[in-house]
Amino acid sequence: MNTAEETSSKVREGEYFYLKSLNKPQLEAVKSLSGPLLILAGAGTGKTRVLITRLAHILVTKRALPSEVLAVTFTNKAAMEMKERVEKLIRRSTETMWIGTFHSLCARILRKHAEIVSLKTNFTILDTDDQTRLIKQVMEIKNIDLKRWPPRSMLSIIERWKDRGLSPTDVRDKEIGKFASGKSLTIYESYQQRLITLNAVDFGDLILHCLNIFKKSKDVLFEYQRKFKFILVDEYQDTNIAQSLWLKKIAFGQNNICCVGDDDQSIYAWRGAEVDNILNFEKDFSDARTIRLEENYRSTSHILSSASGLISHNKGRLGKTLWTSIDGGEKINIKSFWNGKDEAVSISEEIVRLQKKKSRLSEISILVRASFQMREFEERFMKMGLPYRVIGGPRFYERMEIRDAIAYFRVIIQSQDDLALERIINVPKRGVGKSTLQILYKHARSQGVCLYEAIQQIISTDELRPSLKNTLEDLLKQFERWRTEINSMEHSEFCAMVLDESGYMEMWQKDKSPDAEGRLENLKELVGAIREFDSLSSFIEHVSLVMENTENAKEDKINIMTLHSAKGLEFDTVFLPCWEEGNFPNQRSLDEGGEKSLEEERRLGYVGITRAKKRVYVSFAVNRFIYNQLVSCIPSRFVSEIPEEHVKEEESLLFDDQEGFSDQEDSFFSQEENFYKKSKIAPINITPGRKFPSSYKHKSKESDFVQEAVKIGEEVFHDKFGYGKIKSMQGNKLEIIFQTGIKKVLKSFIKKR
DNA sequence: CCATGACGCTTTTTT
DNA sequence: AGCGTCATGG
């Protein structure tokens with residue numbers, strides 16, 4: 001191919017074909033190549049395009065070699081997309097470029113300089129499951145009541161520390177907190193020690209160790225500072241403190257860093273992302289410039305204005321004014337339902353209608369707050385035979401059989417991996433149960449060796465009963481033999497052999513449970529996947545770092561996913577169901593983080609709306625099954641935050657269905673009261689004069705509706721039924737004689753004459 | 001060591 | 001409801 005000559009000829013002619021279709025700020029963002037640059041890019045303003053074009057421009061104009069560019073993304077998907085699009089644009093392989101996620105790039109650096117932080121280059125990257133088991137072990141040793149102090153919580157405390165770049169020695173006393181009676185820091189210390197003994201790291205360590213390498217060895221740091229002439233960072237609003245420190249260190253000197261982000265789309269604060277990174281960019285990097293991309297090419301003006309109206313309720317924004325030249329279109333459809341089932345039915349019917357109008361299903365998406373909410377839609381679509389796909393469901397590599405199989409490989413590659421050995425030591429059953437394991441671990445701890453070595457030592461004694469001793473001896477011999485064979489054959493064949501010889505395959509073949517067959521299938525698929533890699537260890541690295549869902553997005557199916565996983569995607573039609581207080585905004589989120597979390601929930605709503613190109617449907621139900629209990633709900637405050645002029649409101653169900661309503665009304669109101677009592681947030685203000693849904697749902701003190709006593713026989717007014725006379729009352733429930741007949745109504749829906 | 005039933009918890013998620 | 005963990009008893 002003549003790609004190189006072709007590109008350089010373009011350069012000589014000064015054509016830069018790829019710059020032609022950019023708008024003014026985009027062009028500026030691509031061409032401002034010296035000094036720190038923050039690109040504030042609103043939803044749908046072409047930020048990925050700018051990033052890719054910028055990268056291409058740097059290379060084409062020969063400002064840097066491919067190996068001198070560092071491009072950091074947040075997800076593997078984004079990294080792959082960037083590689084593909086850059087390759088397509090400049091027709092050159094991206095192989096020598098450092099394009100990847102924070103974690104994969106750090107892993108690359110860490111493998112090279114592992115010894116600086118007391119690791120060996122073949123260290124294992126633990127998954128969540130391993131992490132939990134490890135922290136549990138540590139806590140058990142320290143006699144912590146695991147019921148009172150859940151290991152998962154401890155893990156998240158550690159993760160938050162790591163997110164901030166804090167090693168155990170950096171944690172200040174006042175940060176320790178009440179967890180595990182103040183033992184959280186010692187647990188953290190022991191956990192880190194155990195990781196080193198296991199020659200293992202967790203995800204947070206990838207960044208943290210890398211920071212420590214830079215701290216300990218200036219030479220290594222200089223090497224990378226010199227190497228990377230240009231740094232590009234995507235989704236900067238999602239970076240945590242450790243990651244921004246990492247960037248700052250590498251960028252120091254050359255100072256050519258360009259970060260792209262949108263503070264309004266920061267939705268990962270709950271796992272340590274720091275919105276302040278983007279807010280403080282100009283302070284963190286001297287002489288920084290900021291360019292705003294504000295022309296939206298994705299959505300109609302109704303959609304964009306709705307989203308802007310919603311997000312304008314947040315404080316502390318950098319502020320952007322998005323605009324679009326795509327005029328008109330449909331208003332946002334807002335609809336209420338009696339229950340979740342009605343909602344799913346109606347949405348599925350609407351989808352069929354759209355389908356008849358030649359809409360592609362793959363251009364339709366249902367975005368929910370929490371994944372359990374997907375089920376209602378899945379069931380409905382299944383019933384109707386509508387094809388759908390769930391994005392971000394359970395992952396292939398998280399299945400038990402796959403993890404077990406990989407655990408075998410991990411022990412072969414790295415015998416210090418106690419967690420992997422522990423996982424499979426009795427799978428298939430070998431009669432090595434909990435008590436045996438305890439003996440082994442006790443020995444390991446007293447000798448300061450890993451589990452594998454402990455077994456080696458213990459089987460040379462008579463501590464164990466003969467049958468056990470023999471099984472363990474056989475197992476170790478097997479592992480030793482596998483290690484000698486690993487390089488003598490094709491690696492996927494080797495893996496198949498291990499699974500076979502270990503008896504793992506046989507275990508599932510003999511299993512009569514209905515899912516055994518599927519598991520065998522998965523194992524076959526695993527071997528097939530391994531074949532695609534150069535080596536077993538590169539496969540395992542892939543599994544630990546990439547873990548991607550191989551979805552073929554090409555099939556014409558409805559997309560169902562959470563709001564979180566929708567970021568970065570776009571669809572013609574977006575359904576946003578389940579907009580009820582407690583669910584969205586999520587109550588737990590609110591309880592934990594108060595006002596800040598409320599704003600993050602609102603950003604989530606903003607992300608949801610801005611995914612749509614043509615149509616948005618927001619809906620909520622009055623009743624919903626939660627843990628199999630029917631609960632009355634009130635609509636999300638976000639519903640009334642969408643500006644009225646961009647909304648098409650469908651008639652409320654509440655007014656049409658008084659009969660069904662009366663059964664629920666007691667719980668309906670106590671629910672609302674409880675909600676505001678529990679929530680740290682005061683009831684929100686309503687827009688006066690707005691009939692639906694705010695006027696009767698989100699009553700506040702300013703409301704002109706009746707708050708206090710009314711008498712039997714008194715004449716009152718109801719929005720829908722007009723004037724009537726109170727016949728009887730029972731708590732909040734009133735029976736009122738209207739001209740159209742006797743209705744049961746909630747007191748709060750009534751105005752005094 | 002393993003099977004069984006009681007108990008209890010249940011957001012978002014990528015790496 | 002549904003799953004996972006834990007304690008109990010065989």
(request) Go through the steps to decide whether A:E235 and A:K47 satisfy the test salt bridge (charged side-chain N to carboxylate O under 4.0 Å, His left out), and finish with yes or no. (result) CA-CA 9 Å; A:E235 307 276 19; A:K47 75 179 167 83; 3.5 Å; yes
(request) Dump the intermediate steps for salt bridge (charged side-chain N to carboxylate O under 4.0 Å, His left out) on A:E641 and A:R637, then the final yes or no. (result) CA-CA 7 Å; A:E641 289 175 6; A:R637 65 193 82 190; 5.8 Å; no
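- Contacts between chain A and DNA chain C, taken as any atom within less than 4.0 angstrom of a protein heavy atom, begin and end at C:dA1 to C:dC6.
- Contact annotation for A:F74: backbone-only contact, meaning every heavy-atom pair under 4.0 Å involves sugar-phosphate atoms and none involves a base.
- For the pair A:I391 CD1 and B:dT12 P, the interatomic distance rounds to 16 Å; values are reported in whole Å.
- Atom pair A:L437:CG and B:dC2:P shows a separation of 12 Å (rounding to whole Å applied).
- In this structure, A:D127 reaches neither bases nor backbone, as no heavy-atom distance under 4.0 Å exists between it and the strands shown.
- Take A:W270 and apply the side chain to side chain donor-acceptor pair (under 3.5 Å) test, not counting sequence neighbours, and it matches A:H564.
- Judged as a side chain to side chain contact (heavy atoms under 4.5 Å, CB included), and not counting sequence neighbours, the contacts of A:E379 are A:R375.
- Taking atom NE2 of A:H103 as the reference point, atom P of B:dT14 lies 12 Å away to the nearest angstrom.
- Nearest nucleotide to the A:A370 side chain, out of B:dT15, B:dC2, B:dT12: B:dT12.
- In this structure, CZ of A:F123 is placed 13 Å from C1' of B:dT15, rounded to the nearest angstrom.
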Show the atom names and distances, to 0.1 Å, of all donor-acceptor pairs under 3.5 Å that link a side chain in residues 150-159 of chain A to residues at least two apart or in another chain.
residue : atom : partner : partner atom : Å
A:R152  : NH1  : A:T132  : OG1          : 3.2
A:S156  : OG   : A:S153  : O            : 3.1

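- Under the ring-ring contact (aromatic ring centres under 6.0 Å, His included) criterion, A:Y236 pairs with A:F281, not counting sequence neighbours.
- In this structure, CZ of A:R152 is placed 11 Å from C1' of B:dT13, rounded to the nearest angstrom.
- In this model, the phosphate group of B:dT15 is not approached by any side-chain N or O of A:S544 to a distance below 4.0 Å at OP1 or OP2.
- Rounded to a whole Å, the CD atom of A:E159 is 15 Å from the P atom of B:dT13.
- Taking the nucleotide of DNA chain B with the nearest heavy atom to each of A:F203 and A:L468, the more 5' of the two is matched to A:L468.
- Residue A:D130 contributes atom CG, which lies 17 Å from atom P of B:dT15 at whole-angstrom precision.
- For the pair A:Y397 and B:dT15, the criterion of a side-chain N or O lying under 4.0 Å from OP1 or OP2 is not met.
- For A:R271, the side chain to side chain contact (heavy atoms under 4.5 Å, CB included) test picks out A:F74, A:R160, A:Y268, with sequence neighbours left out.
- At the phosphate of B:dT15, OP1 or OP2 sits under 4.0 Å from a side-chain N or O atom of A:N76.
- At B:dT15, none of the side-chain N or O atoms of A:N240 fall inside 4.0 Å of OP1 or OP2 (strictly under the cut-off).
- Candidate nucleotides B:dT10, B:dT15, B:dT12 were compared by shortest atom distance to the side chain of A:R588, and B:dT10 ranks first.
- Using a 5.5 Å limit on the distance between ring centres and a 30° limit on the angle between planes, the aromatic ring of A:Y627 counts as stacked on the six-membered base ring of B:dT10.
- Between A:Y388 and A:F381, the angle of the ring planes lies from 30° to 60°, which puts this pair in the tilted group.
- DNA chain C is contacted by both A:K136 and A:R375; A:R375 maps to the nucleotide lying nearer its 5′ end (nearest heavy atom per residue).
- Atom-to-atom, CG of A:L105 to P of B:dT14 comes out at 18 Å; the value is rounded to the nearest Å.
- Comparing A:T436 and A:S104 against DNA chain B, the residue whose closest nucleotide sits nearer the 5' end is A:T436.
- For the pair A:R369 and B:dT11, the criterion of a side-chain N or O lying under 4.0 Å from OP1 or OP2 is not met.
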